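In the text below, chain A, chain B and the rest are named by the order of the sequence lines, each starting its count at 1. It should be emphasised that the depicted structure is a prediction, and the values quoted were computed from it without experimental measurement.
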There are 2 protein chains.
Amino acid sequence: MLKTKKRYDCAAGCPVEVTLDLIDGKWKGVIVYHLLSGTLRFNEIRRKLPSATQRMLTRQLRELEECGLVLRTVYAQVPPRVDYALTEEGRSLEEIVRAMHAWGERRLERLAQVQAAA
Amino acid sequence: MLKTKKRYDCAAGCPVEVTLDLIDGKWKGVIVYHLLSGTLRFNEIRRKLPSATQRMLTRQLRELEECGLVLRTVYAQVPPRVDYALTEEGRSLEEIVRAMHAWGERRLERLAQVQAAA
DNA sequence: CGGAATCCCACAGGATACTG
DNA sequence: CAGTATCCTGTGGGATTCCG
């Protein structure tokens, strides 16, 4: 997922994969979603994603940083403090991420209805 | 990815993951993208995704079918013929997928510029 | 033509423990 | 607080072969 995984040498549809590559990976999508609301410290993000392990969070955040979607700011102080914020490019994902959020909600509603019917 | 992988029991951001779950997975995004243009036969899809293996394509298509995003139609004839089309729900992803496509293209342009600078 | 069956491996991701 | 460091497992995904 990170580095040169070069999933695509394929035909015309690949920009879709370019985007997916950056945003897929278990937690990245949600992280970006939460960062849309503003800068967050590491543990704040953790609290928003209770079922993500610490290790996974740091890794996903680092990958997001690597692709230039997230800005990581370390304050030289004790106890440590690290802020995560979207970069300009990261924020440019807003439309997509919000759309995914809305779609996901509708999907959940639909599923709930199907459940209810049974 | 298929079945009840239930990635999320998490907090508020999860609908994002719901969506990602359906559309991630190496080829699903691109498949949906191509199906936006209309129904395709198996080998037509293959031709659009040269670097996807046959096995992967069928698997991803089946998963898409399972989630109700893609409709698979088998014609009882020899040689066989199988059509793949988006369901209503699948087509409702259009906005997202197109947005991802557009974003990916811009991303590629940006990367190209950075390359050129170096 | 549109697969299914097998074999195989890298690595995403979890659990747990330690640290400046 | 915000991480590393290890160890371990599942499975996503590739390659290849066979089939109605």
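Among the nucleotides D:dA2, C:dG3, D:dG3, the one closest to the side chain of A:Arg41 is D:dA2. Residue A:Trp27 has its side chain nearest to C:dG14 when only D:dC1, C:dG14, C:dC1 are considered. Taking every side-chain heavy atom of A:Phe42 into account, D:dG3 is the closest of D:dG13, D:dG3, C:dG2. For B:Val82, the side-chain atoms get nearest to C:dG2 when compared with the rest of C:dG13, C:dG2, D:dC1. Comparing D:dA2, D:dA15, C:dA4 by their nearest atom to the side chain of B:Thr53 picks out D:dA15.
At a threshold of 4.5 Å between side-chain heavy atoms, the hydrophobic network of Ile, Leu, Val, Met, Phe, Trp and Tyr places A:Leu36 and A:Leu71 in two separate groups.
Nucleotide C:dG3 holds its C1' atom 15 Å from the CD atom of B:Gln77, rounded to whole Å. Between the CD1 atom of A:Ile31 and the C1' atom of C:dG13 there is a distance of 13 Å, given to the nearest Å. B:Leu61 places its CG atom 17 Å from the P atom of C:dC1, with the value rounded to the nearest Å. Distance B:Arg81 CZ to C:dG3 C1': 16 Å, rounded to the nearest Å. One interatomic measurement links the two molecules: CE of B:Met56 to P of C:dC9, which rounds to 17 Å at whole-angstrom precision. Per the geometry, CG belonging to A:Leu49 stands 13 Å off P belonging to C:dG13, to the nearest Å. Spacing between atom CD1 of B:Ile45 and atom P of C:dC1 amounts to 15 Å, rounded to whole angstrom units. Taking atom CG on B:Asp24 and atom C1' on C:dG13, their separation rounds to 14 Å, with Å as the unit.
Phosphate contact (OP1/OP2 of D:dG3, side-chain N/O of A:Tyr84, threshold under 4.0 Å): present. Between A:Arg59 and C:dC11 there is no side-chain polar atom (N or O) within less than 4.0 angstrom of OP1 or OP2. Taking only side-chain nitrogens and oxygens, A:Gln54 never comes nearer than 4.0 Å to OP1 or OP2 of D:dT4. A sub-4.0 Å separation between OP1 or OP2 of C:dG3 and a side-chain N or O of B:Arg72 is present. Under 4.0 angstrom from either OP1 or OP2 of C:dA4 there lies at least one side-chain N or O belonging to B:Arg62.
When side chains are defined from C-beta on, A:Leu57 counts as touching A:Arg46, because their heavy atoms get closer than 4.5 Å. Using a 4.5 Å heavy-atom cutoff, the side chains of A:Leu61 and A:Arg72 are not in contact. At least one side-chain heavy atom of A:Thr53 sits less than 4.5 Å from a side-chain heavy atom of A:Arg55. With a 4.5 Å cut-off on side-chain heavy atoms, B:Asp83 and B:Leu40 do not count as touching.
If B:Arg55 and A:Arg55 are placed on DNA chain D by their nearest nucleotide, the residue sitting closer to the 5' end is A:Arg55. Summary of the strand contacts: B:Thr58 and A:Ala52 both lie near DNA chain C, and taking for each the nucleotide with the nearest heavy atom, the more 5' one is attributed to B:Thr58.
At least one donor-acceptor pair closer than 3.5 Å links the side chain of B:Thr87 to the backbone N or O of B:Leu69.
Nucleic acid contact for A:Tyr75: none, since no nucleic acid atom lies under 4.0 Å from a heavy atom of the residue.
Aromatic ring pairs are classed by plane angle as parallel below 30°, tilted from 30° to 60° and perpendicular above 60°; the pair B:Tyr33 and B:His101 is parallel.
For the side chain to side chain contact (heavy atoms under 4.5 Å, CB included) with A:Trp103, the qualifying choice from A:Glu105, A:Arg107, A:Met100 is A:Arg107, the only one to do so.
Rounded to 10 degrees, the angle separating the terminal axes of the helix from C:dC1-D:dG20 to C:dG20-D:dC1 is 60°, with each axis obtained from five end pairs.
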